[in-house]
Amino acid sequence: MADDHMPQRSDRLGLTDDELALHRTVFASDALKDMVIVLSGGAGGIGRAIAWLFARLGAHLVVVGRNQGKLSALTSNMTAKGLQASACAADIRDADAVARLFDTVWQTHGRVDGLINSAGGQFPQPAIDFSVKGWNAVIDTNLNGTWYMMQTAARHWRDNKQPGNIVNIVVVTTHGLYGIAHSIAARSGVIGLSRSVAVEWAPLNIRVNCVAPGAIETEGWNVYAPEARAAYPRSNPMMRAGSPWNVAEACAYLASPSGAFVTGETLTVDGGGQLWGETWTTGKPAYFIDKDT
Ligand SMILES: CCC/C=C/C(=O)SCCNC(=O)CCNC(=O)[C@H](O)C(C)(C)COP(=O)([O-])OP(=O)([O-])OC[C@H]1O[C@@H](n2cnc3c(N)ncnc32)[C@H](O)[C@@H]1OP(=O)([O-])[O-]
Ligand SMILES: NC(=O)C1=CN([C@@H]2O[C@H](COP(=O)(O)OP(=O)(O)OC[C@H]3O[C@@H](n4cnc5c(N)ncnc54)[C@H](OP(=O)(O)O)[C@@H]3O)[C@@H](O)[C@H]2O)C=CC1
(Lines give C-alpha, C1' and ligand atoms only; values in the text may rest on other atoms or scores of the structure.)
(Ligands and ions follow the chains in the order given, each with its own letter.)
Protein backbone atom coordinates (compact mmCIF):
# COMPACT_ATOMS: atom_id res chain seq x y z
CA MET A 1 0.00 0.00 0.00
CA ALA A 2 1.41 3.39 -0.94
CA ASP A 3 2.15 5.94 1.77
CA ASP A 4 -0.60 8.50 2.14
CA HIS A 5 0.13 11.93 0.76
CA MET A 6 -1.58 15.09 1.94
CA PRO A 7 -3.91 16.38 -0.74
CA GLN A 8 -2.39 19.67 -1.93
CA ARG A 9 -5.12 22.29 -1.63
CA SER A 10 -4.97 26.02 -1.45
CA ASP A 11 -8.34 26.57 0.26
CA ARG A 12 -7.57 25.08 3.67
CA LEU A 13 -4.86 23.36 5.68
CA GLY A 14 -5.02 19.86 7.14
CA LEU A 15 -7.75 17.22 7.24
CA THR A 16 -11.48 17.74 7.82
CA ASP A 17 -13.58 15.79 10.33
CA ASP A 18 -15.23 13.96 7.41
CA GLU A 19 -11.82 12.88 6.11
CA LEU A 20 -10.66 11.88 9.60
CA ALA A 21 -13.79 9.77 10.10
CA LEU A 22 -12.82 7.61 7.10
CA HIS A 23 -9.01 7.73 6.88
CA ARG A 24 -7.47 4.25 6.62
CA THR A 25 -5.59 2.99 9.65
CA VAL A 26 -3.30 0.03 10.25
CA PHE A 27 -4.64 -0.40 13.79
CA ALA A 28 -7.32 -2.91 14.85
CA SER A 29 -10.68 -1.31 15.61
CA ASP A 30 -10.50 -2.43 19.26
CA ALA A 31 -6.85 -1.43 19.87
CA LEU A 32 -7.86 1.16 22.51
CA LYS A 33 -11.18 -0.36 23.54
CA ASP A 34 -12.70 1.24 26.67
CA MET A 35 -9.63 3.36 27.40
CA VAL A 36 -10.25 6.91 28.66
CA ILE A 37 -7.82 9.34 27.05
CA VAL A 38 -7.31 13.00 27.97
CA LEU A 39 -6.09 14.92 24.92
CA SER A 40 -4.98 18.56 25.17
CA GLY A 41 -5.06 20.61 21.97
CA GLY A 42 -7.76 18.18 20.84
CA ALA A 43 -9.46 20.64 18.50
CA GLY A 44 -6.20 21.63 16.76
CA GLY A 45 -4.99 20.15 13.48
CA ILE A 46 -2.92 17.31 14.93
CA GLY A 47 -5.15 16.95 18.00
CA ARG A 48 -8.26 16.35 15.88
CA ALA A 49 -6.52 13.55 13.98
CA ILE A 50 -5.54 11.95 17.30
CA ALA A 51 -9.08 12.38 18.65
CA TRP A 52 -10.70 10.70 15.63
CA LEU A 53 -8.16 7.88 15.39
CA PHE A 54 -8.22 7.04 19.10
CA ALA A 55 -12.03 7.18 19.29
CA ARG A 56 -12.29 4.97 16.19
CA LEU A 57 -10.05 2.46 18.00
CA GLY A 58 -12.57 2.29 20.87
CA ALA A 59 -11.39 4.95 23.35
CA HIS A 60 -13.44 7.68 25.04
CA LEU A 61 -11.73 10.96 24.22
CA VAL A 62 -11.81 13.90 26.62
CA VAL A 63 -10.67 16.78 24.43
CA VAL A 64 -9.20 19.86 26.09
CA GLY A 65 -8.50 23.39 24.83
CA ARG A 66 -9.34 26.98 25.68
CA ASN A 67 -12.16 27.39 23.16
CA GLN A 68 -15.33 25.52 24.23
CA GLY A 69 -17.01 26.20 20.87
CA LYS A 70 -14.25 24.49 18.86
CA LEU A 71 -14.21 21.54 21.27
CA SER A 72 -17.99 21.09 21.21
CA ALA A 73 -18.10 21.25 17.40
CA LEU A 74 -15.56 18.43 17.27
CA THR A 75 -17.24 16.21 19.88
CA SER A 76 -20.66 16.68 18.20
CA ASN A 77 -19.20 15.49 14.90
CA MET A 78 -17.60 12.52 16.65
CA THR A 79 -20.63 11.45 18.67
CA ALA A 80 -22.78 11.80 15.53
CA LYS A 81 -20.61 9.00 14.06
CA GLY A 82 -21.21 6.83 17.14
CA LEU A 83 -17.84 7.59 18.76
CA GLN A 84 -17.27 8.44 22.42
CA ALA A 85 -16.01 11.95 23.11
CA SER A 86 -16.55 14.81 25.51
CA ALA A 87 -15.20 18.35 25.74
CA CYS A 88 -13.60 20.08 28.73
CA ALA A 89 -12.40 23.68 28.36
CA ALA A 90 -9.23 24.51 30.30
CA ASP A 91 -6.09 26.60 29.90
CA ILE A 92 -3.17 24.24 30.53
CA ARG A 93 -1.12 27.18 31.86
CA ASP A 94 -3.48 27.37 34.86
CA ALA A 95 -2.39 24.64 37.31
CA ASP A 96 -5.67 24.92 39.29
CA ALA A 97 -7.73 24.52 36.11
CA VAL A 98 -5.68 21.43 35.24
CA ALA A 99 -6.34 19.98 38.72
CA ARG A 100 -10.10 20.60 38.31
CA LEU A 101 -10.02 19.02 34.85
CA PHE A 102 -8.52 15.75 36.09
CA ASP A 103 -10.81 15.67 39.17
CA THR A 104 -13.81 16.00 36.87
CA VAL A 105 -12.65 13.31 34.46
CA TRP A 106 -11.90 10.85 37.28
CA GLN A 107 -15.28 11.57 38.91
CA THR A 108 -17.08 11.03 35.60
CA HIS A 109 -15.25 7.97 34.29
CA GLY A 110 -13.59 6.50 37.40
CA ARG A 111 -10.36 6.17 35.44
CA VAL A 112 -7.94 7.74 32.98
CA ASP A 113 -5.73 5.45 30.89
CA GLY A 114 -3.69 7.88 28.84
CA LEU A 115 -2.75 11.52 28.40
CA ILE A 116 -1.72 13.04 25.08
CA ASN A 117 -0.38 16.60 25.27
CA SER A 118 -0.89 18.18 21.87
CA ALA A 119 -1.68 21.71 23.12
CA GLY A 120 1.14 24.02 22.21
CA GLY A 121 2.53 26.47 19.76
CA GLN A 122 4.71 29.50 19.31
CA PHE A 123 5.19 32.51 17.10
CA PRO A 124 8.08 32.97 14.66
CA GLN A 125 10.59 35.65 15.60
CA PRO A 126 14.39 36.00 15.62
CA ALA A 127 15.45 35.11 19.18
CA ILE A 128 17.31 38.37 19.61
CA ASP A 129 13.99 40.23 19.42
CA PHE A 130 11.98 38.14 21.95
CA SER A 131 10.18 40.26 24.55
CA VAL A 132 9.95 38.97 28.12
CA LYS A 133 6.18 38.55 27.69
CA GLY A 134 6.55 36.64 24.41
CA TRP A 135 9.24 34.35 25.86
CA ASN A 136 7.12 33.66 28.94
CA ALA A 137 3.99 32.96 26.85
CA VAL A 138 5.79 30.21 24.93
CA ILE A 139 7.55 28.70 27.95
CA ASP A 140 4.34 28.80 30.00
CA THR A 141 2.32 27.09 27.31
CA ASN A 142 4.74 24.45 26.12
CA LEU A 143 6.84 23.62 29.18
CA ASN A 144 4.86 24.64 32.27
CA GLY A 145 1.43 23.75 30.85
CA THR A 146 2.62 20.34 29.64
CA TRP A 147 4.22 19.69 33.03
CA TYR A 148 1.04 20.56 34.97
CA MET A 149 -0.84 18.03 32.83
CA MET A 150 1.85 15.34 33.26
CA GLN A 151 2.23 15.73 37.02
CA THR A 152 -1.50 15.92 37.72
CA ALA A 153 -2.19 12.80 35.64
CA ALA A 154 0.65 10.92 37.36
CA ARG A 155 -0.58 11.86 40.85
CA HIS A 156 -4.03 10.43 40.05
CA TRP A 157 -2.49 7.22 38.71
CA ARG A 158 -0.32 6.88 41.81
CA ASP A 159 -3.19 7.64 44.22
CA ASN A 160 -5.59 5.26 42.41
CA LYS A 161 -2.90 2.57 41.97
CA GLN A 162 -3.59 2.45 38.23
CA PRO A 163 -1.12 2.31 35.33
CA GLY A 164 -0.95 5.16 32.86
CA ASN A 165 0.86 6.49 29.88
CA ILE A 166 1.74 9.90 28.52
CA VAL A 167 2.66 11.06 25.01
CA ASN A 168 3.94 14.63 24.63
CA ILE A 169 3.89 16.22 21.18
CA VAL A 170 7.06 18.31 20.85
CA VAL A 171 9.06 19.69 17.91
CA VAL A 172 12.32 18.45 16.38
CA THR A 173 14.91 20.06 18.64
CA THR A 174 18.09 18.59 17.16
CA HIS A 175 18.45 20.10 13.71
CA GLY A 176 16.97 22.34 11.09
CA LEU A 177 14.16 24.35 12.77
CA TYR A 178 14.89 28.05 13.10
CA GLY A 179 13.05 31.19 14.23
CA ILE A 180 11.34 29.55 17.22
CA ALA A 181 14.17 29.29 19.75
CA HIS A 182 11.73 29.84 22.65
CA SER A 183 9.82 26.75 21.59
CA ILE A 184 13.00 24.71 21.03
CA ALA A 185 13.97 25.60 24.61
CA ALA A 186 10.55 24.65 25.99
CA ARG A 187 10.31 21.39 24.01
CA SER A 188 13.89 20.40 24.91
CA GLY A 189 12.69 20.81 28.49
CA VAL A 190 9.71 18.54 27.84
CA ILE A 191 11.95 15.88 26.23
CA GLY A 192 14.35 16.05 29.18
CA LEU A 193 11.49 15.90 31.67
CA SER A 194 9.98 12.93 29.86
CA ARG A 195 13.26 10.98 29.92
CA SER A 196 13.68 11.78 33.61
CA VAL A 197 10.19 10.86 34.81
CA ALA A 198 10.11 7.80 32.54
CA VAL A 199 12.58 6.39 35.06
CA GLU A 200 11.08 7.94 38.22
CA TRP A 201 7.56 6.82 37.32
CA ALA A 202 8.39 3.33 35.98
CA PRO A 203 7.73 1.86 39.47
CA LEU A 204 4.25 3.42 39.22
CA ASN A 205 3.68 1.62 35.89
CA ILE A 206 3.55 4.93 34.02
CA ARG A 207 5.19 5.21 30.59
CA VAL A 208 6.23 8.60 29.20
CA ASN A 209 7.19 9.25 25.57
CA CYS A 210 7.34 12.10 23.07
CA VAL A 211 6.45 12.41 19.40
CA ALA A 212 8.39 15.04 17.43
CA PRO A 213 6.59 15.99 14.21
CA GLY A 214 8.32 17.73 11.32
CA ALA A 215 6.33 19.84 8.87
CA ILE A 216 2.74 18.65 9.33
CA GLU A 217 0.22 20.67 7.36
CA THR A 218 -2.44 22.01 9.77
CA GLU A 219 -4.28 25.26 10.41
CA GLY A 220 -1.58 25.90 13.04
CA TRP A 221 0.57 26.97 10.09
CA ASN A 222 -1.50 30.15 9.79
CA VAL A 223 0.84 31.76 12.32
CA TYR A 224 3.59 31.71 9.65
CA ALA A 225 3.92 34.00 6.62
CA PRO A 226 2.85 32.40 3.32
CA GLU A 227 6.41 32.73 1.92
CA ALA A 228 7.88 30.83 4.90
CA ARG A 229 5.11 28.21 4.75
CA ALA A 230 5.65 27.61 1.05
CA ALA A 231 9.13 26.24 1.78
CA TYR A 232 8.03 23.74 4.47
CA PRO A 233 7.29 20.85 2.10
CA ARG A 234 10.93 21.06 0.90
CA SER A 235 12.30 20.85 4.46
CA ASN A 236 12.95 17.10 4.35
CA PRO A 237 14.30 14.53 1.86
CA MET A 238 10.76 13.30 1.07
CA MET A 239 10.08 16.79 -0.28
CA ARG A 240 6.56 16.98 1.11
CA ALA A 241 4.62 17.87 4.22
CA GLY A 242 3.40 15.14 6.53
CA SER A 243 -0.19 14.47 7.48
CA PRO A 244 -1.69 14.84 10.97
CA TRP A 245 -2.68 11.18 10.54
CA ASN A 246 1.00 10.18 10.50
CA VAL A 247 1.40 11.81 13.91
CA ALA A 248 -1.84 10.29 15.22
CA GLU A 249 -0.73 6.76 14.28
CA ALA A 250 2.66 7.34 15.96
CA CYS A 251 0.77 8.34 19.12
CA ALA A 252 -1.46 5.27 18.86
CA TYR A 253 1.63 3.06 18.65
CA LEU A 254 3.05 4.59 21.84
CA ALA A 255 -0.24 4.84 23.77
CA SER A 256 -1.56 1.33 23.05
CA PRO A 257 -0.15 -2.08 24.07
CA SER A 258 2.12 -1.93 20.97
CA GLY A 259 4.27 0.51 22.97
CA ALA A 260 4.23 -1.55 26.18
CA PHE A 261 8.06 -1.81 26.38
CA VAL A 262 8.80 1.76 25.20
CA THR A 263 9.38 4.59 27.64
CA GLY A 264 11.53 7.74 27.72
CA GLU A 265 11.69 7.71 23.90
CA THR A 266 11.15 10.48 21.34
CA LEU A 267 9.66 9.19 18.10
CA THR A 268 10.46 11.60 15.27
CA VAL A 269 7.90 11.81 12.46
CA ASP A 270 9.53 14.24 10.06
CA GLY A 271 10.19 12.54 6.73
CA GLY A 272 13.93 12.53 7.56
CA GLY A 273 14.07 16.28 8.17
CA GLN A 274 16.35 15.87 11.18
CA LEU A 275 18.97 14.40 8.82
CA TRP A 276 18.56 16.68 5.80
CA GLY A 277 16.72 19.92 5.24
CA GLU A 278 15.93 23.13 7.09
CA THR A 279 12.86 25.08 8.14
CA TRP A 280 13.09 28.85 8.54
CA THR A 281 9.83 29.88 10.19
CA THR A 282 10.85 33.51 9.80
CA GLY A 283 11.94 33.09 6.15
CA LYS A 284 15.55 32.25 5.29
CA PRO A 285 17.96 35.11 6.05
CA ALA A 286 20.02 36.40 3.07
CA TYR A 287 23.23 35.34 4.87
CA PHE A 288 22.29 31.64 4.44
CA ILE A 289 21.12 31.81 0.84
CA ASP A 290 23.63 30.20 -1.53
CA LYS A 291 23.95 32.69 -4.36
CA ASP A 292 25.40 30.00 -6.70
CA THR A 293 22.15 27.98 -6.78
C1 LIG B 1 6.91 23.30 10.13
C2 LIG B 1 7.14 24.40 11.09
C3 LIG B 1 7.07 24.01 12.49
C4 LIG B 1 5.73 24.22 12.99
C5 LIG B 1 5.51 24.03 14.25
C6 LIG B 1 4.20 24.25 14.83
O7 LIG B 1 4.14 24.19 16.01
S8 LIG B 1 2.78 24.59 13.89
C9 LIG B 1 1.56 25.49 14.82
C10 LIG B 1 1.24 25.23 16.21
N11 LIG B 1 0.27 26.22 16.64
C12 LIG B 1 0.60 27.49 17.03
O13 LIG B 1 1.76 27.89 17.03
C14 LIG B 1 -0.55 28.31 17.49
C15 LIG B 1 -0.27 29.77 17.42
N16 LIG B 1 0.51 30.32 18.49
C17 LIG B 1 0.00 30.86 19.66
O18 LIG B 1 -1.17 30.67 19.99
C19 LIG B 1 0.92 31.70 20.51
O20 LIG B 1 2.09 31.90 19.80
C21 LIG B 1 1.25 31.24 21.93
C22 LIG B 1 1.50 29.76 21.98
C23 LIG B 1 2.46 31.89 22.43
C24 LIG B 1 0.08 31.57 22.85
O25 LIG B 1 0.23 32.79 23.56
P26 LIG B 1 -0.98 33.58 24.18
O27 LIG B 1 -2.19 32.74 24.25
O28 LIG B 1 -0.48 34.18 25.45
O29 LIG B 1 -1.21 34.59 23.04
P30 LIG B 1 -0.96 36.11 22.83
O31 LIG B 1 -1.35 36.27 21.41
O32 LIG B 1 -1.66 36.90 23.91
O33 LIG B 1 0.60 36.40 22.95
C34 LIG B 1 1.31 36.60 24.16
C35 LIG B 1 2.55 37.42 23.88
O36 LIG B 1 3.42 36.69 22.99
C37 LIG B 1 4.07 37.63 22.12
N38 LIG B 1 3.68 37.37 20.74
C39 LIG B 1 2.62 36.66 20.30
N40 LIG B 1 2.62 36.60 18.93
C41 LIG B 1 3.71 37.30 18.53
C42 LIG B 1 4.28 37.57 17.26
N43 LIG B 1 3.72 37.12 16.12
N44 LIG B 1 5.42 38.31 17.20
C45 LIG B 1 6.00 38.75 18.32
N46 LIG B 1 5.51 38.51 19.57
C47 LIG B 1 4.38 37.80 19.67
C48 LIG B 1 3.64 39.01 22.55
O49 LIG B 1 4.54 39.48 23.52
C50 LIG B 1 2.27 38.72 23.15
O51 LIG B 1 1.82 39.71 24.05
P52 LIG B 1 1.39 41.19 23.51
O53 LIG B 1 2.67 41.87 23.15
O54 LIG B 1 0.50 40.95 22.33
O55 LIG B 1 0.69 41.81 24.67
N1 LIG C 1 1.85 21.38 12.57
C2 LIG C 1 3.16 21.24 12.59
O3 LIG C 1 3.84 21.34 11.54
C4 LIG C 1 3.85 20.93 13.87
C5 LIG C 1 3.23 20.99 15.09
N6 LIG C 1 3.92 20.71 16.23
C7 LIG C 1 3.29 20.78 17.54
O8 LIG C 1 2.21 19.86 17.60
C9 LIG C 1 1.19 20.37 18.49
C10 LIG C 1 -0.13 20.46 17.74
O11 LIG C 1 0.08 21.28 16.59
P12 LIG C 1 -1.10 21.67 15.59
O13 LIG C 1 -2.26 20.80 15.84
O14 LIG C 1 -0.51 21.77 14.25
O15 LIG C 1 -1.40 23.15 16.09
P16 LIG C 1 -2.81 23.90 16.29
O17 LIG C 1 -2.46 25.32 16.49
O18 LIG C 1 -3.73 23.51 15.19
O19 LIG C 1 -3.36 23.27 17.63
C20 LIG C 1 -2.84 23.62 18.89
C21 LIG C 1 -3.94 23.45 19.88
O22 LIG C 1 -3.46 23.76 21.18
C23 LIG C 1 -4.50 24.39 21.92
N24 LIG C 1 -3.89 25.26 22.92
C25 LIG C 1 -2.93 26.21 22.73
N26 LIG C 1 -2.63 26.80 23.88
C27 LIG C 1 -3.38 26.21 24.83
C28 LIG C 1 -3.53 26.37 26.23
N29 LIG C 1 -2.83 27.31 26.89
N30 LIG C 1 -4.42 25.59 26.91
C31 LIG C 1 -5.14 24.66 26.25
N32 LIG C 1 -5.05 24.45 24.93
C33 LIG C 1 -4.19 25.21 24.23
C34 LIG C 1 -5.26 25.22 20.86
O35 LIG C 1 -6.64 25.33 21.19
P36 LIG C 1 -7.27 26.70 21.77
O37 LIG C 1 -6.65 27.83 20.99
O38 LIG C 1 -8.73 26.52 21.58
O39 LIG C 1 -6.87 26.69 23.21
C40 LIG C 1 -5.12 24.36 19.61
O41 LIG C 1 -6.27 23.54 19.44
C42 LIG C 1 1.70 21.72 18.97
O43 LIG C 1 2.40 21.55 20.17
C44 LIG C 1 2.65 22.11 17.85
O45 LIG C 1 3.57 23.08 18.25
C46 LIG C 1 5.25 20.36 16.20
C47 LIG C 1 5.91 20.31 15.02
C48 LIG C 1 5.28 20.61 13.77
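Counting starts at 1 for both ligands and their atoms, following the listed order.
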### Task
Please confirm whether K133 comes within less than 3.5 Å of ligand 1 when only nitrogen or oxygen atoms on both sides are compared.
yes
### Query
Against heavy atoms of R187, which atoms of ligand 2 measure under 4.0 Å?
43 (O), 44 (C), 45 (O)
### Message
If you measure every N or O of R93 against every N or O of ligand 1, does any of those distances drop under 3.5 Å?
### Response
yes
### Message
If I apply the N/O under 3.5 Å rule, does Q122 come out as touching ligand 1?
### Response
yes
### Task
Look at the aromatic rings of Y232 and W221 and report parallel, tilted or perpendicular, splitting at 30° and 60°.
perpendicular
### Task
For atom 12 (C) of ligand 1, find the nearest protein heavy atom and state the residue, atom name and distance (0.1 Å precision).
G121 CA, 3.5 Å
### Message
Below 4.0 angstrom, counting only protein heavy atoms, does anything approach atom 31 (O) of ligand 1?
### Response
no
### Task
Between Y232 and ligand 1, find which residue part has any heavy-atom pair under 4.0 Å and reply side chain, backbone, both or neither.
side chain
### Query
N/O of R66 under 3.5 Å from N/O of ligand 1, yes or no?
yes
### Query
ligand 2 and D91, any nitrogen or oxygen pair closer than 3.5 angstrom?
yes
### Task
With rounding to the nearest 0.5 Å, note down the distance linking OG1 in T174 to CD1 in I184.
8.5 Å
### Part of Y232 within contact of ligand 2 (heavy atoms, under 4.0 Å)
neither
#### Entry: Under 4.0 Å to a heavy atom of S118 - the qualifying atoms of ligand 2, by number
9 (C), 10 (C), 42 (C), 43 (O)
#### Entry: G120 near ligand 1 by a heavy-atom separation under 4.0 Å
yes
### Query
For ligand 2, does A43 get within less than 4.0 Å through its side chain, its backbone, both, or neither, judged by non-hydrogen atoms?
backbone
### Selection from G220, G242, G273 by shortest heavy-atom distance to atom 9 (C) of ligand 1
G220
#### Entry: Per-atom contacts, ligand 2 versus G41 - under 4.0 Å to a heavy atom
21 (C), 22 (O), 23 (C), 41 (O)
### Query
At a non-hydrogen distance cut-off of under 4.0 Å, which region of A90 contacts ligand 2 (side chain, backbone, both, or neither)?
backbone
### Task
Would you mind listing which atoms of ligand 2 come within a distance below 4.0 Å of any non-hydrogen atom of I169?
8 (O), 9 (C)
### Summary
Under 4.0 Å between heavy atoms, the region of H182 that gets near ligand 1 turns out to be neither
### Message
Any non-hydrogen side-chain atom of I169 less than 4.5 Å from a side-chain atom of I50?
### Response
yes
